[in-house]
Every structure is written in structure tokens, then in C-alpha cells.
2 protein chains.
Amino acid sequence: MPDSLRQFKTEIFQALANPTRIAILDELREGELTVSDIVRRLEVEQSNLSQHLAVMRARQIVLARKSGSQVFYSVRDPLIFQILDLMRRYFQNQVSESIILLEESEHRSKIKGRRVASRRS
Amino acid sequence: MPDSLRQFKTEIFQALANPTRIAILDELREGELTVSDIVRRLEVEQSNLSQHLAVMRARQIVLARKSGSQVFYSVRDPLIFQILDLMRRYFQNQVSESIILLEESEHRSKIKGRRVASRRS
DNA sequence: TTAGCATATTAGTATTCGCTCATTTCCGTA
DNA sequence: TACGGAAATGAGCGAATACTAATATGCTAA
């Protein structure tokens with residue numbers, strides 16, 4: 001595994017490691033939007049949004065198309081959405097595993113409870 | 001898309017956004033390893049490695065199993081590797097797209113070169 | 001019980017990040 | 001040309017990160 005690949009992965013993960021940026025990408029799932037569209041939808045400060053977009057532009061995650069005084073943004077490669085979706089699956093796995101662990105420990109404490117009860121009688 | 005999911009994604013991406021941590025996960029693809037195994041393979045400072053492992057332990061990306069005076073680490077959910085692999089595909093996409101763009105621009109500059117040449121003649 | 005590995009934790013520091021506020025640049029139009 | 005809206009950029013600041021060096025904890029074996 002070459003070092004350049006790890007460096008690349010690091011930079012993309014880093015660009016994705018922010019809730020606002022993830023929200024931006026989610027908004028762009030259906031297609032391109034202008035900056036002010038996104039401002040309206042996310043209720044975030046314009047300059048803040050612009051900085052987040054700059055981060056993703058720098059990593060080429062997002063493309064900017066200028067039209068008049070507006071700029072339309074879109075994601076360059078929909079594979080990004082697959083990554084986000086995989087992360088959702090990962091989340092679901094963790095949640096269901098946690099539930100299983102929880103149920104198991106509840107089960108054990110019920111058994112323990114019965115043991116204590118019978119000991120008392 | 002609930003906020004908690006975005007928060008979760010952010011935290012995992014953040015944990016993955018470091019070349020040493022990606023290297024650690026790559027080492028763990030074949031199965032569990034002790035801390036000193038990883039130190040040897042990655043040639044990284046032991047305390048530094050321990051901190052990286054702590055980061056991934058905190059996010060439950062990695063599990064620690066204690067055996068005597070050693071600690072074996074393993075990845076909790078192999079879905080992590082799928083995410084890493086998707087990122088590799090993403091990298092390859094970008095690279096090949098860049099090559100295409102490069103070839104196109106070379107093509108154009110050859111045409112331009114011919115135009116200039118013909119203009120000069 | 002002590003010596004010596006294996007691992008974790010802490011302190012200190014330089015760097016990066018994310019935000020707000022202010023300003024700038026660029027474009028369309030009166 | 002001047003004005004107003006859209007977007008980008010820059011300064012400043014507190015919080016988080018990554019690293020090194022030093023120290024602590026915990027286990028094993030003499």
C-alpha cells in the first residue's frame with residue numbers, strides 16, 4: 001500500500017470529518033445547488049459555508065460552476081455517496097450490536113436476580 | 001438524515017483521517033496483532049502508537065484483548081475495510097479522470113500548436 | 001519482592017481547525 | 001458609472017490534534 005494512497009485517503013477522510021460538510025454533501029445528492037440554496041437549507045453563515053466548500057473544492061470532492069453572479073456546486077464523483085452510505089450501514093451495525101450486548105447483559109442480570117431470590121428463600 | 005448519524009459519521013471519518021491510523025488498520029486486515037507487533041511493522045514510537053490506538057478504541061473501531069502482559073488489537077467490524085477499499089477505488093477514479101483531462105488538454109494544445117504554426121506560415 | 005518487559009498515560013508544544021466578523025471581489029443592472 | 005446581491009477571502013481566537021519525551025501501570029519471572 002503506497003504512501004501516496006494513504007495520504008490521499010487521509011485527506012479525503014479529513015475533508016469528510018465535519019458535520020456541516022456531510023450535510024452539504026447530503027444536500028447535493030439530488031444535483032447541483034447554488035451557495036445561497038445551501039445557506040438557506042442548512043441555516044449556516046455564508047462565509048462559514050464558503051470555507052467548507054473551499055475545503056472540499058481543494059480536495060476536488062466538489063466542483064464549482066459559475067453562472068452569472070452565482071456559483072453552482074456539485075459533487076465530482078458519486079462514489080462519495082457510496083462512502084457515506086457505507087458509513088450509515090456501519091452505524092447501523094454498531095447500533096444493532098450494542099442492542100444485542102445490552103439484551104444479553106439484561107438477560108444475565110435477570111438470571112442473577114433469580115439466583116439471589118432463590119438464595120434468599 | 002438525523003443529526004446523530006451525521007455526528008457519528010464525523011467521528012469515524014475523523015478517526016480515519018490520519019495516515020498512521022490507516023496504516024494500523026491495514027496491518028490488522030489479516031487478524032489481530034499485539035502493540036509491539038505493530039510498533040515493529042510501522043516503525044512508529046510506542047507511545048504515539050498507543051495514542052492512536054486509544055483514539056480508535058474510543059470510537060470502537062478497534063477492540064483490545066488483554067493476554068498476559070500483552071494486548072492484542074483487532075478491528076471490530078470488517079466493514080471498515082470496505083470503507084478503506086472504496087476510498088482506494090475513489091482514488092483510482094480521480095487518477096484516471098486526471099489522466100483523461102491531461103490527455104485532452106495535451107490534444108488541445110497540439111491543435112492550438114498547429115493553429116499557431118499555420119498562422120505563422 | 002524485585003527487575004524488566006509491554007502498554008498506557010501525562011505534560012508540553014507546535015500545528016491545524018472551525019467559527020465569527022469584517023472586508024473584498026465579481027457580476028448584473030439601474 | 002454606481003449600486004446591490006452573491007460568493008470568496010482574511011484576521012483573530014479558542015479548541016482540538018499529533019507528536020516527543022518522560023513517567024506510570026501491570027504483568028511475569030527470577
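So you know, we letter chains A, B, ... as the sequences are listed, proteins then strands, and number each from 1.
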Trainee: Charged N to carboxylate O under 4.0 angstrom, A/Arg89 versus B/Asp77?
Mentor: no
Trainee: Does A/Ser47 get its side chain close enough to the base of C/dC21, under 3.5 Å, for a donor-acceptor pair?
Mentor: yes
Trainee: Is there a side-chain contact between B/Tyr73 and the phosphate of C/dA8, meaning an N or O under 4.0 Å from OP1 or OP2?
Mentor: yes
Trainee: Less than 4.0 angstrom between a side-chain N/O of A/His52 and OP1 or OP2 of C/dC17, yes or no?
Mentor: no
Trainee: Just call it for A/Ser36: base, sugar-phosphate, or nothing, with non-hydrogen atoms closer than 4.0 Å on any strand.
Mentor: sugar-phosphate
Trainee: For A/Asn18 and C/dG18, is the shortest distance between a side-chain N/O and OP1 or OP2 below 4.0 Å?
Mentor: yes
Trainee: Students often get this wrong, so: under 4.0 angstrom with heavy atoms, is B/Gln70 touching a base, only sugar-phosphate, or nothing?
Mentor: sugar-phosphate
Trainee: With heavy atoms under 4.0 Å as the rule, sort B/Phe72 into base, sugar-phosphate or nothing.
Mentor: nothing
Trainee: Are B/Asp26 and B/Arg41 close enough for a salt bridge, meaning some N to O gap below 4.0 Å?
Mentor: no
Trainee: Send over the distance from A/Glu45 CD to D/dA8 C1', rounded to a whole Å.
Mentor: 14 Å
Trainee: Could you pull out the closest heavy-atom pair between A/Leu53 and A/Val35, with the gap in Å?
Mentor: CD1-CG2, 4.0 Å
Trainee: If you check the A/Lys66 side chain, which of C/dC26, D/dA21, D/dA7 turns out closest?
Mentor: C/dC26
Trainee: With no angle test and no hydrogens, is the base of C/dT20 tied to the side chain of A/Gln51 by a donor-acceptor pair under 3.5 Å?
Mentor: yes
Trainee: Side-chain donor or acceptor of B/Gln46 under 3.5 Å from a matching atom on the base of C/dA6?
Mentor: no
Trainee: Are B/Phe91 and A/Leu79 close enough that some pair of their side-chain heavy atoms sits under 4.5 Å apart?
Mentor: no
Trainee: Counting only side-chain nitrogens and oxygens, does B/Asn48 get under 4.0 Å of the OP1 or OP2 atom of D/dA18?
Mentor: no
